[in-house]
2 protein chains.
Amino acid sequence: MKKDTREALLDSAFNTFYKQGFQGANIATILNDVGINKGSMYHFFKSKKALGLAVIEERIERNLVNKYASIKSVEELFDVLCSAPKTLAYGCPLNKMSQEMIYIDTDFQKLLSTTYGKFETLVQMILERDGVESSELKAKQIIATYEGALMIYHLNRQDEEFVLVLRGLEQDIF
Amino acid sequence: MKKDTREALLDSAFNTFYKQGFQGANIATILNDVGINKGSMYHFFKSKKALGLAVIEERIERNLVNKYASIKSVEELFDVLCSAPKTLAYGCPLNKMSQEMIYIDTDFQKLLSTTYGKFETLVQMILERDGVESSELKAKQIIATYEGALMIYHLNRQDEEFVLVLRGLEQDIF
DNA sequence: TCCTTTCTTGACCTTTTAGTCAAGTGAAAA
DNA sequence: TTTTCACTTGACTAAAAGGTCAAGAAAGGA
């Protein structure tokens with residue numbers, strides 16, 4: 001049972017921070033959700049901050065790799081990107097955590113910066129595999145448009161427009 | 001002096017919320033910054049939430065209109081967008097506040113959604129004045145790329161790449 | 001000048017928050 | 001069986017948070 005509590009904590013913390021923000025979330029919610037007591041959590045994580053950093057490393061980053069490492073073509077990439085409104089109910093977890101924390105805490109800043117770098121590399125590799133020119137810049141273009149469009153989607157809740165913006169980019173670039 | 005305190009409160013609250021987030025900011029910081037006491041603030045704003053909503057209406061929205069309403073051409077628009085890293089030290093205020101609050105509070109959600117709509121309309125009008133086709137979609141494309149690129153910039157702190165992404169869009173579209 | 005309304009003060013209240021700790025449980029190693 | 005160590009409990013603490021209020025100061029109109 002040793003690992004289960006830690007994993008359950010990370011799962012619940014990820015969901016709670018994702019929805020409410022790191023600062024806005026309170027530990028009691030997570031504890032109640034998992035069904036354990038405080039001391040148990042503080043056995044695994046020395047502080048709320050440590051839990052937050054672990055969520056970035058062991059959930060946000062892991063989810064990104066799971067999602068993008070297996071993508072085989074640019075076409076497939078855009079299909080996955082276009083499905084974001086269905087899978088990401090509160091925006092991009094990495095983007096959201098970054099906007100909140102990078103100006104406040106340098107440990108968060110460093111880790112989020114590194115994680116973003118990995119995301120960018122994953123996208124870049126998909127482009128290179130398909131023989132796309134200037135893949136670094138295009139990876140940034142794709143991610144930027146994706147992140148921005150997802151934010152706009154969550155303010156409007158209009159699926160079609162989100163897809164149109166991304167498909168527009170796909171056609172402009174390729 | 002009647003209006004001064006209210007205006008000073010809005011200024012300080014805007015800066016504080018902008019840097020630390022709405023939930024992460026505490027009222028004592030703002031009060032200390034302005035140099036007044038609690039009761040004085042609660043005379044003008046019935047709650048922290050009311051202050052936050054007023055900041056959106058009277059600062060975030062006002063700043064957007066000030067910045068974009070006077071832009072005369074698409075060229076000028078992209079120049080202004082490219083200067084964002086110099087003027088927006090903690091990202092796009094509207095984007096940041098939205099990511100944090102739209103899933104938490106419906107009053108924030110409504111107001112931020114409306115404010116975004118005005119921003120989009122301002123950009124759309126610039127495009128139309130220059131005779132750009134399908135201005136609505138292109139306004140969304142520009143804003144999406146801008147917002148996403150600005151987020152990436154703040155994780156990397158590399159000016160050139162931010163500008164390259166935006167200039168790339170400018171060339172792809174026009 | 002006097003009166004009314006608009007601010008301002010600063011102490012106070014209540015709730016919530018992250019974090020601590022000594023005592024206990026239980027499973028696995030010895 | 002006994003010992004050990006990883007984990008769990010739940011009450012406790014201290015600080016910080018948002019918010020209240022009665023009383024006083026200023027400002028403006030009559």
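Below, each value reflects all heavy atoms present in this structure, side chains not excepted, and no hydrogens, waters or symmetry copies. Within every chain, numbering begins at 1; the chains are lettered A, B, ... in the order of the sequence lines, protein sequences first and strands thereafter.
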Fill in: Donor-acceptor pair between Ser98(A) and Asn95(A) side chains, under 3.5 angstrom
no
Fill in: Short N-O contact, Arg59(A) and Glu7(A), less than 4.0 angstrom
yes
Discussion item. Just checking Tyr103(B) against His154(A), ring centres under 6.0 Å apart?
Written reply: yes
Worksheet item: Rounded to whole angstroms, how far apart are CG on Asp4(B) and C1' on dT6(C)?
Response: 14 Å
Discussion item. Can you measure Arg6(B) atom CZ to dT6(C) atom C1' for me and round it to whole angstrom units?
Written reply: 14 Å
Fill in: Under-4.0 Å side-chain N/O to phosphate OP1/OP2 contact, Asn37(B) with dG10(C)
yes
Worksheet item: Can you check the Ile36(B) CD1 to dT6(C) P distance for me, whole Å?
Response: 18 Å
Worksheet item: More 5' along DNA chain C: Ala25(A) or His43(B), using each one's nearest nucleotide?
Response: His43(B)
Worksheet item: Does a side-chain N or O from Ser47(A) land closer than 4.0 Å to OP1 or OP2 of dA18(C), or not?
Response: no
Item to complete: Quick one: label Ala50(B) by what it contacts on the DNA or RNA (base, sugar-phosphate, nothing), any heavy atom closer than 4.0 Å.
Response: nothing
Item to complete: Provide, to the nearest angstrom, the distance between the CD1 atom belonging to Ile30(A) and the P atom belonging to dT17(C).
Response: 11 Å
Practice prompt. For Lys49(B) and dA17(D), give me the distance from atom NZ to atom C1', rounded to whole Å.
Written response: 18 Å
Worksheet item: Out of dG19(D), dT8(C), dA17(D), which nucleotide sits closest to the side chain of Tyr42(B)?
Response: dG19(D)
Fill in: Whole angstrom value for the distance that separates C1' of dT20(C) from CE of Met41(A)
12 Å
Worksheet entry | Nearest-Å distance for atom pair CG/C1', residues Asn26(A) and dT15(C) | 12 Å
Worksheet entry | Which nucleotide in dG19(C), dT8(D), dT9(C) has an atom nearest any side-chain atom of Ile27(A) | dG19(C)
Worksheet item: Checking Lys96(B) against Phe22(B): charged group under 6.0 Å from the ring centre and within 45 degrees of the axis?
Response: no
Discussion item. Can you say whether a donor on the side chain of Lys38(B) sits under 3.5 Å from an acceptor on the base of dG18(D), or the other way round?
Written reply: yes
Item to complete: Look at Lys48(A) and dA18(C) and indicate whether a side-chain polar atom (N or O) is within less than 4.0 Å of OP1 or OP2.
Response: yes
Fill in: Trace of the side chain to side chain donor-acceptor pair (under 3.5 Å) decision for Asn26(A) with Thr29(A)
CA-CA 6 Å; Asn26(A) 62 53; Thr29(A) 306; 2.7 Å; yes
Practice prompt. Write down the distance between CD (Gln20(B)) and P (dA16(D)), rounded to a whole number of angstrom.
Written response: 14 Å
